[in-house]
Amino acid sequence: MLDKTFPHAEVERRHYARWEASGLFSARPESKARPYCIVIPPPNVTGSLHMGHALNNTLQDVLIRWRRMAGDDALWMPGTDHAGIATQMVVERQLAEQGIRRQDLGRDEFVRRVWQWKEQSGGTITAQLRRLGASLDWPRERFTMDEGLSRAVTEVFVSLYRQGLIYRAKRLVNWDPKFHSAISDLEVENREVKGHLWHIRYPIEGEEGRFIVVATTRPETMLGDTGVAVHPEDDRFRDLVGRHAILPLVGRRLPIVADAHSDPAKGSGAVKITPAHDFNDFEVGRRHGLEVVNILDRDARLLDDPLIPAPYRGLDRFEARKRIVADLEAAGLIEKIEPHTHTVPHGDRSGAVIEPYLTDQWFVDAKTLAAPAIAAVERGRTQFVPRQWENTFFAWMRDIQPWCISRQLWWGHRIPAWYAPDGAIFVAHDEAEARRLAAAACGHEVELRRDPDVLDTWFSSALWPFSTLGWPERTPELARYYPGEVLVTGFDIIFFWVARMMMMGLHFMNDVPFRTVYVHALVRDERGQKMSKSKGNVIDPLELIERYGADALRFTLTAMAAQGRDVKLSPQRVEGYRNFATKLWNAARFCQMHGCVPVPGWAPASARATLNRWILGRLAEAARAATEALEQFRFDAYANELYHFVWGTFCDWYLELAKPALAGGDAALREETRAAAAFVLDATLALLHPVMPFVTEEIWHAMADRGPGPCEGRRTLMVEPWPDPGSLPRDPAAEAEVEWVVRLISEVRAIRSESGVPPGRAIPLALKDAAPATLARLDRWREPVLRLARLSEAAPLAGEVPRGAAQAVLDEATLVLPLADVIDLAAERARLAKEIARHADELRRLDAKLANPDFVARAAEEVVEESREKRAAAAAAKARLEAALARLAV
RNA sequence: GGGCGCGUAGCUCAGCGGGAGAGCACUACCUUGACACGGUAGGGGUCAGAGGUUCGAUCCCUCUCGCGCCCA
């Protein structure tokens, strides 16, 4: 016998271990079944599970478990990401605690320490995914830095280089002075910052006392100025174009050029041009042939160089700003200082203010690779769900910039490029090949130096959908599972990851990496705030699992995953769905107590009893709706459909109405009801299994000995067939009858409650004007009706309606509860008045509608007919309630 | 400044051309033999505002207001 509540902790451990050991999570490449593949968005190998992961992986597991049960050859590809910057940062911080810098260790030793850290903490997140119940194909687990994936990275780099789609160039990049590395545009976070706009007077050469005023938010960059730009149409400066200004503090001559980049309405109308430290200025400089003067070192300090006036050499950029402003002020060259809010680029990982910085880096020609990806989405070869994310994808892809892929880090895939002493570049799969290339090019052996930089982590992530399947080997897995069916991810990495997988997949596999991209929302706290450690509002999924069970957490996240809305999570909500699991558990417990054991081979169509035919029909509808919801990625609809079926239909009505049959003396009816109840419960467990795998598996085994099977010698719900609504009988007559019973009981309960009948008191019910068919129904359902409505008897009304009887209308019949002695007459009068008013409103509304000739003439025939029927019903009900009220008043 | 999304019951959200819904919270009552992590009943909404299309608008269109996110 089952206990009263579901012991989730023990059950979760037991079943997960069985499942994993059974090998049933694994794909079956040899099978004839349709392949269905999802690749996991690889979490950071040294990370731990947060609520975003919990949502993301729950949804993937729901899909995978569903398709596995539906008979597909389901592959959920697991793995982790080396997260270059983040991981290196963690290890560096650990070393710093011991007073060690990575440079002290040297590259090889440092990388060895990172691997050590990976070995030590690398299992955390995969263990946590297991706690969540994720049915990943663990033996296939991959890591972006493992041998095979590293080979894929090298292969892709070399190919793209040889195709001219990867190149090395000296360009302005986003420089993170804390990491001493370039980062991509995407890793830059633009933050609104309150700063100042300094208006600085630059003297005009050869015209004593005349100045041109430039406005800047970064005065320290003036040391790198090589020009001044004004708008070509700006009359104020027209005569200055072609002349020179003199750079204060430095004395350099600055050409004054006309360029539309200068906005006459902004600041002073003239802008200083610093090509080495501003993306826009770089372009202006190029258009006008201005010099490029770099003034910063890799720490974003002013260079210790004769180029820089002595007092500022080696100063931090912010210190330099103060000094330069002070010196300009002293020289009377500051015209004014305005408070100014502007956006300042920050490194998303380091938080440091990013400097545009001129260096040699490696770039991917993203524009060329983007074109096929754009076309693929336009043609619907890959579809975004919800659809509107396609706009985000297009907006970025159509204006894509070269992707800077080199990082000045030690942790990552080292760039397979070697340099000869003369600077010649040899890109090769390995050093030996590079030597051969170099020897061939130079005619003799040359000394080669390997590029010290590593690749952006997203470079290897972009290959994930095919590298994990064995590419560049042409494995059977690659042929079978690429392209994947669906990618499940958050919108925050559409650019970082989805777009790049599309580009690489199309280029190297000549097909999209997945047919559908399902984009889910962010998980926020109950007030809608983004969860963050600094706000202290982080909810740990593991804590929720421990407290309420993995099933409850999974159900919550699934039920709340409505398209286009963030998930606002509160522990209270999880508690509610834990209660749902308990409800299901107790329904099963009830079935168990009444001998509801699944009958092998039992055919639902063989059911004769109205109640059983009704619940089988309701099950069919629930199965249909749940399946359709999953097909459309309507996770919330899937979960809610089953919630209502289990609680509102199966528990509230079916089991209650089945009690007489289950306890009764009619053996045939009892056996059929037992079989039907067990059948419906089994199907319900199957439908719920993708979202609540643990509780459903546990109940499924508790209900019967399921016999031998592939999971530690036993069968498992995990690979039972997905219920097929088409095989279930639909019986409109049974539906009408049971729904009548439900309405009858509900009406009586409402009257009792509202007119103040003591709950324990059984009262008689009389039916006035009931048709013979209705009285026959009543006979068939007498027992449950009496019990559920707490009635002493139910019979046709004999004679007149007694005084002081409570009444209600049910179809053609009037329900009469002759209770002059027990009911609160005033309360009953109020109740009737309220009911009458409700019908009167309805009647007024429908009369107005039907009186409108346009409505009758133009609305669809069936709509008009429906309105007439409703009007008649409302009028009849109102008349009878009025009569009831009149009798009550006597 | 450009784009996207959202404003429906106290809260969180479904619904999206023809009768305003759910969960939670709230109120009252109930130790009824599966379940108090439960049961029964109930209160609560000019569906942000204004115009338009339509026989009919919470739903479609336009504008306004408010909130959020992305991009510049």
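In what follows, every chain begins at residue 1, and chains take the letters A, B, ... in the order their sequences are listed.
Residues W396(A) and R790(A) each lie close to RNA chain B; by heavy-atom proximity, the contact nearer the 5' end of the strand is made by R790(A).
Judged as a salt bridge (charged side-chain N to carboxylate O under 4.0 Å, His left out), the pairs with a partner in residues 694-704 of chain A (not counting sequence neighbours) are, in order, R14(A)-E698(A), R18(A)-E697(A).
Considering NE2 of H8(A) and CZ of R547(A), their distance stands at 10.0 Å, rounded to 0.5 Å. Between atom CG of residue L553(A) and atom OH of residue Y548(A) there is a gap of 11.0 Å, rounded to the nearest 0.5 Å.
Taking a pair as Watson-Crick or G-U with both hydrogen-bonding distances under 3.5 Å, the stems of three or more pairs touching RNA chain B are B:1-7 with B:65-71, B:10-13 with B:21-24, B:26-30 with B:38-42, B:48-52 with B:60-64.
The P atoms of U40(B) and A25(B) are separated by 15 Å, rounded to the nearest whole Å. With both ends at atom C1', the span from U27(B) to A9(B) equals 15 Å, rounded to whole Å.
Remark: aromatic rings of Y643(A) and W647(A) are close, center separation under 6.0 Å.
Look at CG on L791(A): it is 19 Å from P on U32(B), rounded to the nearest Å.
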Provide a list of protein-nucleic acid N or O atom pairs under 3.5 angstrom, restricted to nucleotides 18-22 of chain B.
residue, atom, partner, partner atom, Å
G18(B), O2', K849(A), NZ, 3.0
G19(B), O2', E842(A), OE1, 3.4
A22(B), O2', H644(A), NE2, 3.1

Anything under 3.5 Å between a protein N or O and an N or O of nucleotides 15-17 of chain B, put it in a table, one pair a line.
residue, atom, partner, partner atom, Å
G15(B), OP1, R634(A), NH1, 3.4
G15(B), OP1, R634(A), NH2, 3.3

Expected string for nucleotides 33-42 of chain B under the B/S/- scheme (protein heavy atoms, under 4.0 Å, primed atoms plus P, OP1, OP2 as sugar-phosphate) is -BB-BSSSSS

Side-chain donor-acceptor pairs of residues 757-764 of chain A under 3.5 Å, sequence neighbours excluded:
residue, atom, partner, partner atom, Å
R761(A), NH2, D821(A), OD2, 3.3

